[in-house]
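What follows is a set of notes on a single structure, which appears directly below.
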Amino acid sequence: MTEVPRGTRPLPAKLRVDIDAELLELALTHRSYAYEHGGIPHNERLEFLGDSVLGQAVTVMLFTTHPDLDEGELAKRRASVVSTVALAEVARGIDLGSHLLLGRGEEQTGGRDKDSILADTMEAVIGATYLSAGPEAATELVLRLTKPLLADPERYGAAMDPKTSLQELAARVGSTPPQYSVEASGPDHDRRFTATVVVGDVTMIGNGSSKKTAEMAAALSAWRLINERA
């Protein structure tokens, strides 16, 4: 068994669930780290499992607790919770980025705060929880971590379509329309994007593996701040 990275030790306490140390280490191992260490296993298989566990837990919860909602509204709410932007926010809430095992390139380009990496790792942690503690514990973890998102109906539209929601909010509060700028970095096969959005006196930055994802991350951060002020 490999030594569990020092940064992972407090994570089970944050998650409030017992996870096998080797599975937790695997869940936190990004492919960039794996490739730099002789092709050791990485977290993408656990991510695949966690994605299914996440989707089922949220779907069943929404179906059973909202008998008045039709299929379209249920799908909208589910999408807002399982989106990359929303999962990245959940991951930041438990400081997941500080526990990641990343390759040098990802480390140097801000991988610990990239929405795509955080969201994928969050799914891998859910998968590891499922294998370690069982389906009930994994479902409980999903619902506990996503509860703040589900409890705030105003967030559904914003999490699904942050750019449109930000534009509508800016108009509602009498602010200038959002203006975006995007910078790209990294090799062609692994481009990373940093988007900046300016709305009135608010300037926010978002990162992503595509221009769209980066702009969405920046827009959601700006929407959140302006919404809180309003």
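None of the values given here were measured: they were computed from a predicted structure.
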Q. Would one find more than 12 heavy atoms of other residues, nucleotides or ligands at under 6.0 Å from atom NZ of K14?
A. yes
**Q.** Salt-bridge present (E140, R16; N to O < 4.0 Å)
**A.** no
Q.
Checking V202 against M204 for the side-chain contact (heavy atoms from CB on, under 4.5 Å) test, could you report, in this order, the C-alpha distance in whole Å, the side-chain angles of both residues, the deciding distance, and whether it holds?
A. CA-CA 7 Å; V202 172; M204 300 300 288; 3.8 Å; yes
**Q.** Minimum side-chain heavy-atom gap H30-L100 below 4.5 Å
**A.** no
Q | Joint cluster assignment, L69 & V82, ILVMFWY side-chain distance < 4.5 Å | A | yes
Q. Between R92 and D115, is there a salt bridge with N-O shorter than 4.0 Å?
A. yes
Q | Neighbour count above 12 (heavy atom, 6.0 Å) for E44 CD | A | yes
**Q.** Considering all heavy atoms, the nearest L23-L46 contact
**A.** O-CD1, 3.8 Å
Q: Find out whether I117 and L102 are in side-chain contact, i.e. whether some heavy atom of one side chain is under 4.5 Å from a heavy atom of the other.
A: yes
Q. Any link between V199 and V182 through a network of hydrophobic side chains (Ile, Leu, Val, Met, Phe, Trp, Tyr) touching at under 4.5 Å?
A. no
Q: For atom CG of D18, decide whether the heavy atoms of other residues, nucleotides or ligands shown that lie under 6.0 angstrom number more than 12.
A: no
Q. Any chance CD of E36 has more than 12 other-residue heavy atoms, nucleotides or ligands included, within less than 6.0 Å?
A. yes
Q. Side chains of Y33 and L28: does their closest heavy-atom pair fall under 4.5 Å?
A. no
Q: Examine Y180 and F193 and state if one hydrophobic cluster contains both, with Ile, Leu, Val, Met, Phe, Trp and Tyr joined whenever side-chain heavy atoms are less than 4.5 Å apart.
A: no
Q) Side chains of L49 and V53: does their closest heavy-atom pair fall under 4.5 Å? A) yes
Q) Can you tell me how far CE of M61 sits from NZ of K147, rounded to the nearest 0.5 angstrom? A) 10.5 Å
Q) Ion pair present between R224 and E228, side-chain N to carboxylate O less than 4.0 angstrom? A) no
**Q.** Lys/Arg N to Asp/Glu carboxylate O, D201 vs R229, below 4.0 Å
**A.** yes
Q. Stepwise, does the side-chain contact (heavy atoms from CB on, under 4.5 Å) test hold for L96 with M122?
A. CA-CA 8 Å; L96 187 62; M122 192 70 252; 4.2 Å; yes
Q: Using the rule that two of Ile, Leu, Val, Met, Phe, Trp, Tyr join whenever any of their side-chain heavy atoms come within less than 4.5 Å, decide whether L131 and L11 are in one cluster.
A: yes
**Q.** Basic-acidic side-chain contact under 4.0 Å: R112, E106
**A.** no
Q: May I ask whether L143 and L141 are part of the same hydrophobic cluster, defined by side-chain heavy atoms of I, L, V, M, F, W, Y residues being less than 4.5 angstrom apart, directly or through others?
A: yes
**Q.** Minimum-distance pair of heavy atoms, taken over all atoms of G200 and T176
**A.** N-OG1, 2.9 Å
**Q.** Close side-chain approach of D120 to E123, heavy-atom, < 4.5 Å
**A.** yes
**Q.** Criterion side-chain contact (heavy atoms from CB on, under 4.5 Å) on V142 and T129, from CA distance to verdict
**A.** CA-CA 10 Å; V142 167; T129 302; over 6 Å; no
**Q.** R144 atom CZ, neighbour heavy-atom count above 12 within 6.0 Å
**A.** yes
Q. Between R192 and T109, is any side-chain donor less than 3.5 angstrom from a side-chain acceptor?
A. no
Donor-acceptor contacts, no H, no angles, side chain residues 213-221, under 3.5 Å, sequence neighbours left out:
unit_1: T213; atom_1: OG1; unit_2: S210; atom_2: OG; d: 2.9
unit_1: E215; atom_1: OE1; unit_2: K163; atom_2: NZ; d: 2.7
unit_1: S221; atom_1: OG; unit_2: A217; atom_2: O; d: 3.2

Q: Take H42 and Y35 through the test side-chain contact (heavy atoms from CB on, under 4.5 Å) and record every step on the way to the result.
A: CA-CA 9 Å; H42 52 74; Y35 293 162; 4.2 Å; yes
